Q: 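Sharing a structure here in C-alpha cells format.
The structure displayed is predicted, hence computed values, not measured ones. We count residues from 1, following the sequence as given. For the numbers below, each heavy atom of this structure counts, side chains included, while hydrogens, waters and symmetry mates do not.
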Amino acid sequence: MFDIQEELKKLPDQPGVYLMHDAKDVIIYIGKAVSLRNRVRQYFQSSRNKGAKIEKMVTQIARFEYILTDSELEALVLECNLIKEHRPKYNTMLKDDKTYPYIKVTLGEDYPRVLFSRQMKKDKSRYYGPYTSAGAVRDTIDLIRRLYQLRSCNRVLPRDAGKERPCLNYHIHQCMAPCRGGVSSEEYRERVQAAMEFLGGRFAPVIRELEEKMETAAAALDFEKAAEYRDLLGSVKQIAQKQKITSFDGEDRDIIALAMDDRDAVVQVFFVRQGRLIGREHFHLTIGAEDTPREVMSAFIRQYYAGTPFIPREIMLQTEIDDLEIMESWLSARRGQKSVIRVPKKGNREKLVALAAQNAQMVLTQDREKIRREEGRTIGAVREIASLLDIGYVRRMEAYDISNINGFESVGSMVVYEKGRPCRSDYRRFKLRTVTGPDDYASMREVLTRRFTHGMEEKERNRQKQLGEEYGSFTRFPDLILMDGGRGQVNIALQVLDELGLSIPVCGMVKDDHHRTRGLYYHNEEISIDTHSEGFRLITRIQDEAHRFAIEYHRSLRSREQVHSVLDDIPLIGPERRKALMRHYQSLEAIREADVESLKRVDSMNERAAESVYHFFHESQ
C-alpha cells in the first residue's frame with residue numbers, strides 16, 4: 001500500500017521529474033522540479049490555491065514516483081520526453097519538441113553549415129541539443145561563425161562557386177567565402193571539425209581565448225568590445241551546461257546501473273528510444289554478501305534480456321561483466337542484429353550511467369525497509385509455513401477450490417504462489433466433466449487427477465522429444481499442495497497422488513464456524529498457527545484467492561448460460577443474422593411486427609430466413 005504522507009517525507013531536495021499515477025496505475029501528470037521535495041509536497045498542502053484542474057488531479061493521485069537529474073535543464077528535457085511518450089491526462093501545455101532548439105551541422109554538404117533547427121531528423125546532419133534557451137543557441141551559432149568563419153548562405157557549393165559576389169559576412173570576417181573558390185573543401189572541413197569539437201564539449205580553449213580577449217579589450221579601455229566578449233562568454237557557459245537526457249544519434253539503448261549492500265541490490269534501467277530517454281524501471285535483487293557488482297550485473301542481464309522481447313542496439317553498463325563477448329553474441333542472436341555492451345568512461349554517456357546509478361542508490365536507500373517488509377510477507381511467510389510443517393524447501397505452492405450452486409456447473413480452480421507471490425500465468429480452471437450434483441470430494445478428485453495426469457503426460461512427451469523438463473503448462477509440480485478444507489480434502493488429494501505414484505506434501509486449511517482459517521491439517525493432525533504471523537496471513541490470502549478464482553469462473557459460466565436471446569431459437573438465424581436484425585429493428589417488438597418483405601431487406605437475410613422469422617413469431621401467438 002502506497003502511503004503518500006510517508007513517501008512525501010522521503011522526497012530528496014534535488015532536481016528531477018515526478019510522475020503522478022491514479023488508482024489504475026495510469027500516469028495522469030508529469031512535472032519537473034528544482035527541488036522534488038518542495039514541489040511535490042505543494043500538491044498535498046490544503047492551504048495552497050492550486051486551481052480547479054490541479055485540485056481535481058490531486059484527488060485522483062494514488063501514488064507518485066520520480067527520477068533524479070543533475071540539473072533543472074535536464075529535468076525540463078526529460079519532462080518533455082516523458083510527456084510525449086505517455087501523454088498524461090492533465091498535461092495540456094507541452095505538446096511537441098518545438099520548445100527546445102537544436103544546433104544542426106549539415107555534414108551531408110561539401111561545405112557544411114551550422115544552423116538553428118527546431119527538429120532532429122534522421123539525415124546526414126549532426127545535431128547537438130536540445131537546449132532550453134533559443135537565444136543562447138543563436139549566440140553560440142554566431143560565436144562559431146566568428147571563430148571559425150563558416151558560411152550560412154543557402155548556395156549549393158561547389159556548383160554555385162564564383163557565380164555571385166561574396167555576401168556581407170565575408171567583408172566583416174565572419175565567413176571564409178567558399179563561394180569565391182578561395183578555400184579548399186579539406187581546409188574548410190578542418191574548421192567544421194573544430195566547431196564540432198566545440199559543440200561536443202571542448203569549451204575550455206574557447207573560454208580561455210574569450211577571457212583573454214575580454215581582458216585585453218578592457219585593458220585597452222575598449223569597454224564596448226569587452227562587453228561583447230563578456231556576453232558571448234556567458235552564452236558559451238550556458239551552452240556548456242550540456243544535456244545528457246537526449247543523445248545526438250537517435251539510437252535505441254538501455255542504460256543500466258546498480259546499487260547494492262551486503263544482501264540487497266537495486267538495478268536501474270533507463271530506456272532511450274530514438275535518442276530520447278522515455279522511461280525507467282528498477283528491479284530489486286536478493287544477493288549474497290560475497291557477490292560482486294560484476295556478478296550481480298551479469299546475472300541481471302541474463303535474466304532480464306531472456307524475458308524481454310526488445311533488445312536495443314546498445315547497452316551501456318556501470319561496470320564490466322564476465323563473458324562479455326558471449327553475452328554480446330547471445331543478445332545479437334536474440335535481436336537479429338548486432339547488439340553491443342559498453343562501459344562508458346567519459347563524456348555524456350558516462351554521466352548518464354552515473355545518473356542511473358544515483359537513482360538506483362536512492363531507491364535502495366529509501367526502499368530498504370519496504371523490501372524487508374515485502375520479503376517478510378512473501379519469502380519470510382513461506383519459510384514460516386515450511387518450518388511449521390517441518391518441510392525442508394518450499395518455493396511453489398498450489399491451492400485448489402470447488403465452486404457450484406446445488407451442483408449446477410461445478411468448477412474447480414487452481415491458484416499458484418511462488419516465493420509467496422501469486423503466479424497468475426500458471427492459474428488454471430477446470431469445468432467438471434464426470435461429476436453431477438454437489439459432491440465436492442468427487443469434484444476435487446477429478447480436478448487433481450486431471451491436473452497431475454496432464455503434467456505427467458507432458459513430462460513424458462518432453463522426455464521423448466528431448467525438450468526441457470518444464471516445457472509445458474502443467475509440468476511444474478508444487479512443493480506443497482494446499483486444500484481448501486481439512487481431513488476429507490487432504491485424504492482425497494493423498495489418494496490421487498498415491499494412485500499416480502507422486503509424493504508431494506498436502507496440507508489442509510482448516511476453518512472455524514465463521515469460515516475463517518484457524519489452523520493447518522497435516523500428517524493427520526491439526527496444527528495451530530499464530531493468527532498474527534505473516535505465515536497465517538499468506539495462508540489466508542491463498543485461500544481467498546483460490547475461492548475468488550473459482551467463484552469468478554463459475555459466475556462467468558452461469559452468465560453465459562443465462563444470456564440467451566429468443567432469436568437464437570429461430571431456425572436459420574445464427575449470430576450474424578441475429579446481430580443484423582437487432583441493429584436494423586432495435587427491439588424484439590419491431591421484429592415481431594415486421595412482414596416478410598421488410599425482413600428480406602435486412603443485411604444477410606434471404607427469403608427463407610425472413611419467412612422463418614415471420615412464421616416463428618406469428619405461429620407462436
Side-chain angles (χ1 to χ4, degrees), residues 22-26 28 60 87 89 400-415 422 424-451 453-454 457-458 472-474 484 544-621:
D22 65 11
K24 296 181 180 178
D25 212 32
V26 175
I28 58 174
Q60 298 179 31
R87 300 187 180 278
K89 178 179 179 180
Y400 297 84
D401 193 17
I402 302 295
S403 177
N404 65 66
I405 297 180
N406 295 326
F408 173 76
E409 290 285 14
S410 292
V411 300
S413 70
M414 173 184 117
V415 300
R424 292 186 174 84
S425 61
D426 284 2
Y427 284 17
R428 294 294 180 268
R429 301 182 292 197
F430 303 83
K431 186 174 180 180
L432 277 296
R433 301 169 180 168
T434 63
V435 181
T436 56
D439 189 340
D440 282 359
Y441 287 168
S443 298
M444 187 61 74
R445 173 182 288 277
E446 180 186 329
V447 168
L448 291 171
T449 301
R450 286 167 56 187
R451 183 264 180 268
T453 299
H454 194 167
E457 290 171 350
E458 283 187 347
S473 59
F474 280 100
D484 187 41
D544 291 344
E545 181 71 350
H547 189 59
R548 178 202 66 79
F549 195 54
I551 290 292
E552 184 182 271
Y553 183 39
H554 190 259
R555 187 180 295 124
S556 70
L557 291 178
R558 293 204 317 272
S559 299
R560 272 184 241 159
E561 197 69 24
Q562 292 163 2
V563 177
H564 182 79
S565 170
V566 67
L567 298 179
D568 292 328
D569 296 329
I570 304 175
L572 303 180
I573 302 301
E576 292 302 318
R577 284 175 174 165
R578 183 187 67 214
K579 292 176 186 175
L581 286 167
M582 290 305 296
R583 279 197 302 267
H584 187 84
Y585 290 104
Q586 301 296 313
S587 69
L588 282 174
E589 191 60 33
I591 297 173
R592 189 191 305 275
E593 294 175 358
D595 56 26
V596 174
E597 288 303 316
S598 174
L599 289 166
K600 283 166 56 178
R601 290 193 288 272
V602 176
D603 291 342
S604 77
M605 294 288 287
N606 56 29
E607 186 169 356
R608 287 182 61 214
E611 289 175 350
S612 180
V613 173
Y614 181 83
H615 291 310
F616 177 85
F617 284 113
H618 291 80
E619 288 176 0
S620 61
Q621 289 179 342

Q: Does any non-hydrogen side-chain atom of Leu599 lie less than 4.5 Å from one of Leu581?
A: yes
Q: Would the distance check show the side chain of Ser403 and the main-chain N or O of Val411 forming a donor-acceptor pair, the cut-off being under 3.5 Å?
A: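 Side chain of Ser403 to backbone of Val411: no pair is present.
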Q: Please report the closest heavy-atom contact between Tyr614 and Ala594, naming both atoms and the distance.
A: CD1-O, 3.5 Å
Q: Against the six-membered ring of Phe430, is Arg450 placed for a cation-pi contact (under 6.0 Å from the centre, within 45° of the normal)?
A: no
Q: Check side chain to side chain contact (heavy atoms under 4.5 Å, CB included) between Asn606 and all other residues, then give those that pass, not counting sequence neighbours.
A: Arg577, Arg608, Ala609
Q: For Gln60, check side-chain hydrogen bond (donor to acceptor under 3.5 Å, both in side chains) against everything at least two apart and list the hits.
A: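 side-chain hydrogen bond (donor to acceptor under 3.5 Å, both in side chains) check on Gln60 returns Tyr90.
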Q: Please name all residues satisfying side chain to side chain contact (heavy atoms under 4.5 Å, CB included) with Glu611, sequence neighbours left out, ordered by chain then number.
A: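 With sequence neighbours excluded, Glu611 shows a side chain to side chain contact (heavy atoms under 4.5 Å, CB included) to Val596, Glu607, His615, given in chain and number order.
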Q: What residues, two or more places apart in sequence or in another chain, satisfy side-chain hydrogen bond (donor to acceptor under 3.5 Å, both in side chains) together with Arg445?
A: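 Partners of Arg445 under the side-chain hydrogen bond (donor to acceptor under 3.5 Å, both in side chains) test: Gln495, Glu499.
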Q: Identify, with sequence neighbours excluded, every residue that meets side-chain hydrogen bond (donor to acceptor under 3.5 Å, both in side chains) alongside Ser604.
A: none
Q: Looking at Leu572 and Ser612, what are the two nearest heavy atoms and their distance?
A: CD1-CB, 4.4 Å
Q: Search all heavy atoms of Phe549 against all heavy atoms of Arg428 and return the closest pair with its distance.
A: CE2-O, 3.4 Å
Q: Looking at CD1 of Ile573 and CZ of Arg578, how far apart are the two atoms once the value is rounded to the nearest 0.5 Å?
A: 10.5 Å
Q: Run the numbers on Met605 and Val613 for side chain to side chain contact (heavy atoms under 4.5 Å, CB included), then give the verdict.
A: CA-CA 10 Å; Met605 294 288 287; Val613 173; 3.9 Å; yes
Q: Under the salt bridge (charged side-chain N to carboxylate O under 4.0 Å, His left out) rule, what pairs show up with a residue in residues 594-605, not counting sequence neighbours?
A: Glu597-Lys600
Q: Only counting residues at least two apart or in another chain, list the ones meeting side-chain hydrogen bond (donor to acceptor under 3.5 Å, both in side chains) with Tyr427.
A: Glu545
Q: To the nearest 0.5 Å, tell me how far Asp439 CG sits from Ile402 CD1.
A: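 It comes to 10.0 Å.
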Q: Would Arg451 and Met414 count as a side chain to side chain contact (heavy atoms under 4.5 Å, CB included) if you check the C-alpha gap in whole Å, the side-chain angles of each, and the deciding distance to 0.1 Å?
A: CA-CA 9 Å; Arg451 183 264 180 268; Met414 173 184 117; 3.6 Å; yes
